[in-house]
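Take a look at the structure set out below.
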Number of protein chains: 2
Amino acid sequence: MNDSDQIIIIGAGLCGTLLALRLAQKGYNITVFERRPDMRKSKISAGRSINLALSDRGLKALDLVGLKEKAENLVIPMTGRMIHPMEGNSSKVNYSGRKGEWINSISRGGLNMLLLDEAEKTGLIDIQFNAECIEMDLESGVVMLEDKLTGESIEVHGSVIFGTDGAASSARKAIMDQSPKYRFDFSQKYLDTGYKELEIPAWPDGSARLDQNALHIWPRPGFMMIALPNMDGSFTVTLFLPFEGENSFETLRSDEDISTFFKKYFYSAYQQMPDLLEDFRCNPSSALGTIKCFPWQINGKYLLMGDAAHAVVPFYGQGMNASFEDVFVLDELIEKHDGDWSKILIEYQEIRKIDTDAIADLAQDNFYEMRDGTADPVFMLKRRIELHLEQINPQYYSKYSMVTFRADLPYHYAMVKGRKQDDILMNYAREAGIWENVDMEIIRTRLNSISES
Amino acid sequence: MNDSDQIIIIGAGLCGTLLALRLAQKGYNITVFERRPDMRKSKISAGRSINLALSDRGLKALDLVGLKEKAENLVIPMTGRMIHPMEGNSSKVNYSGRKGEWINSISRGGLNMLLLDEAEKTGLIDIQFNAECIEMDLESGVVMLEDKLTGESIEVHGSVIFGTDGAASSARKAIMDQSPKYRFDFSQKYLDTGYKELEIPAWPDGSARLDQNALHIWPRPGFMMIALPNMDGSFTVTLFLPFEGENSFETLRSDEDISTFFKKYFYSAYQQMPDLLEDFRCNPSSALGTIKCFPWQINGKYLLMGDAAHAVVPFYGQGMNASFEDVFVLDELIEKHDGDWSKILIEYQEIRKIDTDAIADLAQDNFYEMRDGTADPVFMLKRRIELHLEQINPQYYSKYSMVTFRADLPYHYAMVKGRKQDDILMNYAREAGIWENVDMEIIRTRLNSISES
C-alpha cells in the first residue's frame, strides 16, 4: 500500500462502514461522508427497511473484520418459512434439510451502529455526517460536498473514492452525468408491486405473538405479506401489493377498505395488528426497483459498491449480504495487487459484475416463488423433495441453499446450477404428483445429469 | 381542443419543431424553449451528425404538415448501398427491387431551419433560444429555465409539456430525478464501437468524387466507414471504430498511425480525403448509445417524444424518421380524443412504445449487418434473392423495405415478420451457395409458411 493514499468513502451505511473498517484494519486513512445525521445521536430513518436477513455471505465479511460474534448477538435466527395459507393451519418449511443452516433477522440500524462504533474505534476513520455529495470531478479526484446543517461547501481530494451511498447514489450520479464519456451503461427497472411496512407488536409482557424463529409469509393471489422478528418481541411486517388493479394500494383508500381487505386475506395476522390503520396511513407505499450499471470503476480511482452499483429487490434477502460480500471480494484483490488501486478496481469489476447481476435476477424470480410458489402444491412437493435430498445427501444444495449458505460459491454459479436443479425437480414433482409416488433414485439419476461445467 | 391550453415544448430540434408546427396548425398556442442559439443566425453544431437519411416514415409526417415537397428539394436520393471491398471493384446494391423506393440524404441543419421558419410563419409559436430547462415540477406544470445569455431564471407554466430535447434530455432528467415516485424504468446502453465524422470534399469545380446517389459503405473486419452525399458535392464520412483493441481509436494516435490505417483499409477513400489528418484530430470520437424508458407520460400532462424517449444507434437511418413518426401517431390521437390530453398521452405511450423498442433493436442489429454482412457471400446472395423477389413479386417486402418504405406498417410488425423472412432466406442462401442453384419456387413455398399472425 501507498501511505499517502487518501481514501474517501461516500456513504456511511452498511457497505460504506464495513469497507471503511476493513481498509482501516489494513492501515489506510479514511474519510467517510454521510448525508444523513449520525443515527446514534438522532432517531432517523435508517433506510428502506427496518430489519434485514443476515446470512452466510454477510457473516463471512463480518468475520473478516472480526465482528461476526458481535453481530450474532444482535440476531434472531429464522430456521424456516412459516407459511400462513388463506384457510387452514400454518406450517413451517425449513430453509435447509441440514442442521445449522438458517438465516438471521437483524436490525438494520443496530448493525449499522455497531459498524460505526467499531469504525471510529480504529482511530483511522473520520466520519462526517450531514455531508451530502454534490459533485465529483472524475479527472482530478475532487469531491464537492454540502454541509446540510450550515449550507457550507466542502471540497476534498481523494486518491481513491468509493461510492457506497445506496440505490439513489449521488456518487453514481456524477458518473451518470458524463455517461457518453465513460460509456456508462445503466438500467433501473421497477416492479408493478410496491411495499408498505406495518407492525405486529409484542404482547405487553414483551413476548412475541408469532413464532420468532421463522420468516412468516402470507402468500396470496397477486400479493403477499411477510414478517421478520425483532429482538423486542415485535415483528416488522411488509405488505407487497400492486400499485394498481383490483387488490392494490390504489384501491385501499378508506379505513374500511383496509380493514375489509386485511380481514378477508390476512385474518389471523389482522387480529395481531392493533395499529394497522395508523401504520397503513402513516407509512409510505414505496417502489421496488433493480439497478444495474457498468462500469463501476472510472480511471482506476473511483468505485461504486453495494446498492450504488447493484440495487436488488428484497425477495432473496441478499441485498445487504451482497454488499458485504463486495467488501470481501475487494479485500482479496487488495492483497493480490498489493494496494495497486488501478489493478484492484479493474479486476474487481471484471469478476464481480456477473455475480451481482445473478443475485439481481434471482431476487426478482424469488418474488414469484414466495408469492405464488409457496401456495402451489407442485412447488410444495418440490421443496419437500429438496429438503429430503439435503437430509439424505450432504452434498446436495438447493439453489436457495447455495445462494444463502454457501458463501464459497459465487452467486452466478449458484444461479446456473440451481436453475438446472429446479427445472429437474419441478418437472419431477409435476410427474409424481404426491409424496407417496416419489422415487429418490430417479431424482438422483436426473440430478447427476447436470454437468459441473 | 381547449383554447386555454398553454403548450410548452422543450427542445427545438427536428422533433420539437415538427410537433410545434403540427399543433399550431391545429390552433394551439405554443412556446418552444431551445437551449442552443438560433441555428439560423449563428453557425453552431446542429447535433450529433451533419446529414441524415430521410425515408418514408419521415416524409409521411412532413406531408402531414405540408412540407414534403419543400423537404424533397433539400435531399439527394440514395438508391442503394455502394459497397467498397478491401480489394476489387465497388458494387452497388439497391435498397429495393422495386422502382421508386430509395432513401434520401438530407442536411440536419437545413431541414431543422426549414421547420423553424415554417413554425414561426404560423404566428402561433414563440421560439425562445438560449433557454435551458433546469427543473420541472411534475405536479404543478411549472418549468424553470435559465436564459443562457443573461443567466436569468425563467419560470413558465404549461398545461401540457412536451420533452423533445434529444438523447441527453433535460426534460427526461426531471422525471428521472423522481424515479421511484413514477416508477420510471430507464436504460442506456453503449456500443464498444464509437464514431468520428470526416469528409470527402467536392472537386474544386463542385462535382462529387463518388457516386452521389448511393450510401457508401466500406465494410471491414470489426469496423466500417460510411459516407452520405451533401448537396455541395461533398460527402460526410463516418468512421465506426471500436474505442479499444487492435484497430481502435485508442491505437490511432499519431498522424502516421492514422495514415497507415487509412491506406491499408480504405485506400481508395483515403486518396479522396485531403483533410483527413486535420479532421481526425479535430473531430471528437463519440459514443453510440441506445436509450429506452417508460413511462413517457406523467400525470396526463408531460410527454417525452423523439430521442428524449427513445434514442437509437444510427445504423438503420431511422432515428429522425421514428421521431417524425411520433408526431404523426400523436396527431392521430389528438383527433381521436378531441384534444383530451390525458387520454391522448396515455394511449400514445401504450401504442407507440413497442414500435420504438423495435426500431432500437433493429438499429443495433443493422450495425452487424452493415459491418459484417455486406462483406459476407451468404448475406450477399440472400440480398440478391431478396431484390429479385421484390422485382418479381410486388407483394414481397424485405425487412429493410418494410422498415424504410412501408410507413403504413408499424416498426414492430416489420421487425417480427422481417426476422422470419431473414431466417428463411439466410438458411436458403447457405444451402444454395451460389445464384445458379437458387430455385425461387422453393423460396416462395418457405416464405408462404410464415403466418401473418
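Order of the sequence lines sets the chain letters (A, B, ...), proteins ahead of strands, with each chain counted from 1.
Neither the backbone nor the side chain of Phe294(A) comes within contact range of chain B, judged by heavy atoms closer than 4.5 Å. Neither the backbone nor the side chain of Thr290(B) comes within contact range of chain A; no heavy atoms are under 4.5 Å apart. For a residue to count as touching a neighbouring chain, one of its non-hydrogen atoms must lie under 4.5 Å from one of that chain's; by this rule Ile291(A) does not touch chain B. Contact of Ser286(A) with chain B is not made at all, since no heavy-atom distance falls under 4.5 Å.
The line from CZ of Arg183(A) to CD of Gln188(B) is 13.0 Å long, rounded to the nearest 0.5 Å. With rounding to the nearest 0.5 Å, the separation of OG in Ser187(A) from NZ in Lys292(B) is 11.5 Å. Taken to the nearest 0.5 Å, the CE atom of Met176(A) stands 9.5 Å off from the NZ atom of Lys173(B).
Applying the 6.0 Å contact sphere to CD of Glu246(B) captures no more than 12 heavy atoms from other residues, nucleotides or ligands. No more than 12 heavy atoms of other residues, nucleotides or ligands sit less than 6.0 Å from atom CG of Asp192(B). Counting heavy-atom neighbours within 6.0 Å of Lys343(A) NZ, excluding the residue itself, gives a total of 12 or less. Within 6.0 Å of atom NZ in Lys189(A), 12 or fewer heavy atoms from other residues, nucleotides or ligands are found, so the atom counts as exposed in its surroundings. A 6.0 Å sphere centred on CD of Glu135(A) holds no more than 12 heavy atoms belonging to other residues, nucleotides or ligands.
In terms of heavy-atom proximity, Pro180(B) sits nearest to Tyr190(A) at N-OH, 3.4 Å.
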